[in-house]
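Heads up: the structure comes next, in structure tokens.
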Amino acid sequence: MDKKALEALVRDMTTEEKVMQLVQIPGSEYEADAEITGIDRGQVKDSVKRLAGSTLGIWGSKRLRKIQEQYMKEHPHHIPLMFMLDVIHGHKTVLPCPLGQGAAFDPEAVKKGAEMQAREAAADGVHATFSPMADLCRDARWGRIMESTGEDKLLNSRMASAMVAGYQGEDLKDPEHIAACVKHFAAYGAAEGGRDYNNTELSEHTLREHYLRAYGEAIRKNPVMVMTSFNSINGIPATGNLFLMKKILREELGFTGVLISDWGAVGEMINHGYAEDQRDAALKAMMAGVDIDMCSGCYSGHLEALVNDGAVSMEMMDAAVLRVLNMKNDLGLFEDPYRGLDAESGPVITEENRCLAREAVAASLVLLENKENTLPLRKEKNAFIGPFADTKRLQSAWAFSGEDENTVSVWEAASEVYAPENRKVAAGCTMLDQDAVTARGICHIDRWQEENDKLLAEALRTAEWADTVVLCLGEDSTQSGEATSKASLQLPAVQMNLLREIHKTGKRIVTLIFTGRPLELKEVRELSDALMICWLPGTEGGHGVLDVLSGIVAPSGRLPVSFPYTVGQEPLHYDMYPTGRPKPVNGPFEYTSRYLDCENGALYPFGYGLSYTDFAYIDPRLSTQTMSIAETITASVTVRNTGDRKGDVTVQLYLRDVAGSRVRPVRELIDFQKITLDPGEEKEVRFAINEDMLRFWTAEEKWESEAGKFQVWICNSSCDGQALEFQLVK
Ligand code: BGC
């Protein structure tokens with residue numbers, strides 16, 4: 001349909017029809033047995049169901065076809081219904097959770113992964129996904145850190161941009177692509193105390209320089225949608241925030257697509273104390289430019305009256321409706337309302353997709369310790385012990401369209417690699433402590449103590465038999481994601497007990513940690529010979545992990561987020577602002593900015609990760625020591641593989657503006673490159689630094705660079721390397 005025809009269609013619609021294009025209702029309302037992310041069914045009136053412009057949380061071509069046929073018959077203008085779904089790290093073939101994908105430092109692979117997700121979801125009738133989540137996360141207590149690619153704005157920017165490009169492709173009409181939604185705008189990750197849905201207080205310069213960056217970069221890739229966040233920011237809920245939505249999103253970032261609220265967020269402005277009632281909430285969201293009200297009922301209940309009373313102008317209403325109809329048009333729904341709804345059954349998991357997922361898992365694993373080359377595992381007696389040793393629950397709670405039964409467990413993969421006489425398995429303990437609280441409530445296990453005594457005894461027998469114990473520990477998938485904030489970052493006590501008991505046997509221990517968030521691993525480090533973070537690896541989790549354990553693939557993942565010594569350090573991130581009393585390297589420490597009982601920095605910092613080979617960074621250098629505004633200078637280093645096997649390495653470039661009109665972070669990642677080197681091979685890695693990369697939100701509230709001294713590190717993690725220096729002259 002062309003623009004004129006769309007405008008004519010809007011003119012022909014009644015006010016009620018228009019309002020309903022801006023209403024999204026749960027898919028469960030259309031189908032009794034559909035799965036959905038919460039909320040009771042049967043709350044939506046039939047008149048709303050008949051006209052609502054979009055729905056979410058259901059998939060499957062046969063099921064959706066039935067709904068669309070009925071809907072099209074009843075809709076007065078035969079405008080198709082839009083189906084949206086949270087395809088976060090996989091639809092059928094589930095990739096590592098986003099935090100794991102961040103660890104691979106490989107935007108191209110993330111793009112390929114998003115393309116795969118789009119293909120599978122589109123073949124199941126899905127039109128749009130609520131991804132990428134571009135929230136900057138500096139607080140491991142916040143469970144949704146799992147859905148992000150970490151604590152760094154540059155890494156997040158590249159990953160979120162790659163996801164938008166992968167989901168949407170060149171043309172949304174292409175039946176293998178779906179619409180993307182950049183969320184949650186804005187600063188949802190800065191929730192105070194790491195408690196989900198909590199308020200955020202951020203200075204404008206921290207907001208602009210850090211928190212807005214990844215959304216902004218992803219929005220430059222033209223996502224069809226942006227989602228508002230639940231939190232208030234500096235006293236105003238994001239969903240009614242004119243500064244965020246009008247000034248920043250629409251004016252500065254130039255976003256012209258559909259702005260959708262998060263689930264119920266329009267109505268939640270009443271709880272925030274920002275709107276008096278539903279009508280007021282609908283008005284405030286409309287004024288902020290929210291086009292679609294996801295499931296709060298405020299638009300369906302009150303928007304028509306607001307228009308009739310003149311509180312919301314018809315012009316404003318029409319503009320919002322047109323944005324939604326444009327989206328449907330771009331997806332080709334007017335030509336084919338049944339796009340992706342032909343197949344009798346949904347997409348199947350192909351070998352090709354499994355391969356892609358397997359590679360993604362292997363690339364996401366971060367090796368933190370490898371004392372005396374414990375890894376790769378030798379072909380001797382290996383015992384796989386722990387609650388993650390033989391579980392198929394390796395995907396996050398957000399991968400609800402992927403089925404556990406398709407997942408390969410660690411033990412299943414180990415059985416393909418090691419002969420029966422060289423492998424044994426034991427659960428060792430329950431996943432959770434007694435009566436642990438998860439996102440789904442209290443998880444009570446009958447006869448928990450008895451069960452654990454039995455499991456431990458069996459595990460100890462298995463460990464006695466083994467030469468090496470691969471101890472598979474971690475956080476259950478219901479303990480990260482939405483509404484899973486934690487005030488402790490310890491592994492469950494029952495799992496720590498298992499580790500201590502196995503340690504007493506004196507056997508070599510390789511500890512694998514399956515997790516959606518950073519955990520406190522100080523004691524785990526002390527008791528383990530090797531330690532590797534496996535995240536929530538998804539469908540091919542077992543295979544990817546075994547590829548690295550067995551040595552087929554050398555680990556290359558880097559931490560996308562700092563792992564603390566203790567929860568008391570949170571929020572913890574490498575790119576801090578300096579203080580007037582920095583802690584000196586060698587003391588005296590009195591009256592400096594420090595903890596009495598803990599290091600300042602991370603146990604394992606951002607960017608850190610080991611390989612099975614070693615890399616030397618030879619002669620890091622800058623092409624010049626002075627730079628003018630128009631110039632580009634080159635930072636380069638020769639990287640040599642000094643070990644005896646092939647490996648990948650992520651070379652990182654950090655910068656510090658030594659003095660500015662506002663304080664600047666102690667280091668910021670400004671570029672990275674992942675390269676592969678054969679044993680003995682060396683490559684020159686070159687980075688271009690231009691003036692654009694030196695800009696920040698100055699004291700004059702301008703996005704500019706300032707003349708002066710800069711430091712640069714070309715290195716292996718956020719905590720190492722030698723500083724080089726140059727001057728920016730203006
Ligand atoms: C989450 C969003 C999600 C939406 C729809 C909300 O609770 O915050 O991230 O996209 O539900 O499922």
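Atoms within a ligand are numbered from 1 in the order they appear, just like the ligands themselves.
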Backbone or side chain, does any N or O of [X] fall under 3.5 Å from an N or O of ligand 1?
| X | result |
| --- | --- |
| D262 | yes |
| E482 | yes |
| Y188 | no |

Worksheet item: So is M84 in contact with ligand 1, going by heavy-atom distances below 4.0 Å?
Response: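 False for this residue.
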Discussion item. Less than 4.0 Å is my threshold; does some heavy atom of M133 fall inside it relative to ligand 1?
Written reply: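 Not so, M133 does not reach ligand 1.
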Check each atom of ligand 1 against the heavy atoms of [X] and keep those under 4.0 Å away; list them by number with element.
| X | value |
| --- | --- |
| L56 | 5 (C), 12 (O) |
| F130 | 10 (O) |
| M227 | 10 (O) |
| D86 | 3 (C), 5 (C), 10 (O), 12 (O) |
| H184 | 2 (C), 8 (O), 9 (O) |
| K183 | 2 (C), 3 (C), 9 (O), 10 (O) |

Item to complete: Considering only NZ, NE, NH1 and NH2 on the basic side and carboxylate oxygens on the acidic side, decide whether K173 and D336 come within less than 4.0 Å.
Response: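 Looking at D336 together with K173, the answer is no, because their closest N to O distance does not fall below 4.0 Å.
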Item to complete: Considering only NZ, NE, NH1 and NH2 on the basic side and carboxylate oxygens on the acidic side, decide whether R208 and E204 come within less than 4.0 Å.
Response: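 E204 and R208: salt-bridged.
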Is it the case that the side chains of [Y] and [X] hold a donor-acceptor pair, with the cut-off being a distance below 3.5 Å and no angle test?
| X | Y | result |
| --- | --- | --- |
| Y197 | E482 | yes |
| N199 | S232 | yes |
| E120 | N353 | yes |

Item to complete: Flag the pair L303 / L22 as yes when at least one side-chain heavy-atom distance between them is below 4.5 Å, and no otherwise.
Response: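 Yes; the side chains approach each other to less than 4.5 Å.
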Discussion item. In the structure I gave you, are the side-chain heavy atoms of N156 and Y215 within less than 4.5 Å of one another anywhere?
Written reply: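 Not touching, per the 4.5 Å side-chain cut-off.
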Worksheet item: With a 4.0 Å heavy-atom cut-off (strictly under), which part of Q24 contacts ligand 1: side chain, backbone, both or neither?
Response: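 Neither; nothing of Q24 gets under 4.0 Å from ligand 1.
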Fill in: Of T200, D135, D196, the residue whose pairing with Y188 passes side-chain hydrogen bond (donor to acceptor under 3.5 Å, both in side chains)
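Among the candidates, only D196 passes.
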